[in-house]
Amino acid sequence: NAGVTQTPKFQVLKTGQSMTLQCAQDMNHNSMYWYRQDPGMGLRLIYYSASEGTTDKGEVPNGYNVSRLNKREFSLRLESAAPSQTSVYFCASTVFTDTQYFGPGTRLTVL
Amino acid sequence: AQKITQTQPGMFVQEKEAVTLDCTYDTSDPSYGLFWYKQPSSGEMIFLIYQGSYDQQNATEGRYSLNFQKARKSANLVISASQLGDSAMYFCAMREGLVDTGNQFYFGTGTSLTVIP
């Protein structure tokens, strides 16, 4: 059981470039989430998906898109990266009690 | 208004002593869940403890307990017998709405705990 996996672990982009952060879970969880973590800000929810085929905006969705490809996978796309999107990105999935299990994070730097 | 407020940016505790990390929350939904997570310097997020809004008793998990005061909207984490490995960031979080219906989660800004030998 790998739990929640994220790729890549590190990424450096130039302003305006695009990229997709991948997340997969093997725990058969229904709900999946994308967060960003900035110093002094805690975790802020970008998007979430209650089930396959559904997605909803969180607190800070601007500049991002998501795809719930199937029950296992939930990807986050930056179409045109900006320096303000420099952050650590966490994916999470939830068991029926809504306890969230987190991936290891992706450290993204946008120059 | 902030959904989750953690007013202690940094805390120090002597090894083997108990420490309380404060958390207050704001919601008008009668159904919600409260969580504490630990984030060591390595960066991973580790689930510690959960309290549902309808739970009558305070949650406990080993050395962790959650002091749930519903009327005051507080959900403080108590760590007993602190260990050096407890040094980390601690985040309080809340889920609004019924369980397993795909709800938003809100996190506080965290408290950095340092355990002194």
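We name chains A, B, ... by the order of the sequence lines, and we start the count at 1 in each one.
Under the 4.5 Å side-chain heavy-atom criterion for ILVMFWY residues, a single connected hydrophobic cluster contains both Leu113(B) and Leu66(B). Hydrophobic clustering (ILVMFWY, side-chain heavy atoms < 4.5 Å, transitive): Phe90(A) and Val60(A) are in distinct clusters. The same ILVMFWY cluster, assembled from side-chain heavy atoms under 4.5 Å apart, contains both Val66(A) and Met19(A).
The environment of Arg44(A) atom CZ is dense: over 12 non-hydrogen atoms of other residues, nucleotides or ligands sit within 6.0 angstrom. More than 12 heavy atoms of other residues, nucleotides or ligands shown are found within 6.0 angstrom of CD on Gln14(B). With a 6.0 Å radius and a threshold of 12 heavy atoms from other residues, nucleotides or ligands, Lys16(B) has its NZ atom at or below the threshold.
Residues Gln39(B) and Gln37(A) bring a donor and an acceptor atom of their side chains to less than 3.5 Å of each other.
The CG atom of Asp38(A) sits 12.5 Å away from the OG1 atom of Thr109(B) when rounded to the nearest 0.5 Å. Separation of atoms CZ (Phe91(B)) and CG (Leu43(A)) is listed at 6.0 Å; rounding is to 0.5 Å.
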Open item on the list: Using ring pair (Phe, Tyr, Trp, His ring centres under 6.0 Å), reason through Tyr37(B) and Phe102(A) one step at a time and then give a plain yes or no.
Closed with: CA-CA 10 Å; Tyr37(B) 287 86; Phe102(A) 285 83; 5.4 Å; yes
Open item on the list: Using the rule given for side-chain contact (heavy atoms from CB on, under 4.5 Å), can you reason through Gln100(A) versus Met45(B), listing the C-alpha separation, both sets of side-chain angles and the distance that settles it, and then say yes or no?
Closed with: CA-CA 9 Å; Gln100(A) 295 204 308; Met45(B) 295 289 289; over 6 Å; no
Task: Evaluation steps, side-chain contact (heavy atoms from CB on, under 4.5 Å), between Phe35(B) and Thr99(A) - done: CA-CA 8 Å; Phe35(B) 304 79; Thr99(A) 298; 4.1 Å; yes
- [ ] Run the numbers on Tyr48(A) and Gln104(B) for side-chain contact (heavy atoms from CB on, under 4.5 Å), then give the verdict.
- [x] CA-CA 8 Å; Tyr48(A) 64 105; Gln104(B) 291 209 30; 3.5 Å; yes
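For chain A, the nearby parts of Phe105(B) are the backbone and the side chain; heavy atoms of each come within less than 4.5 Å.
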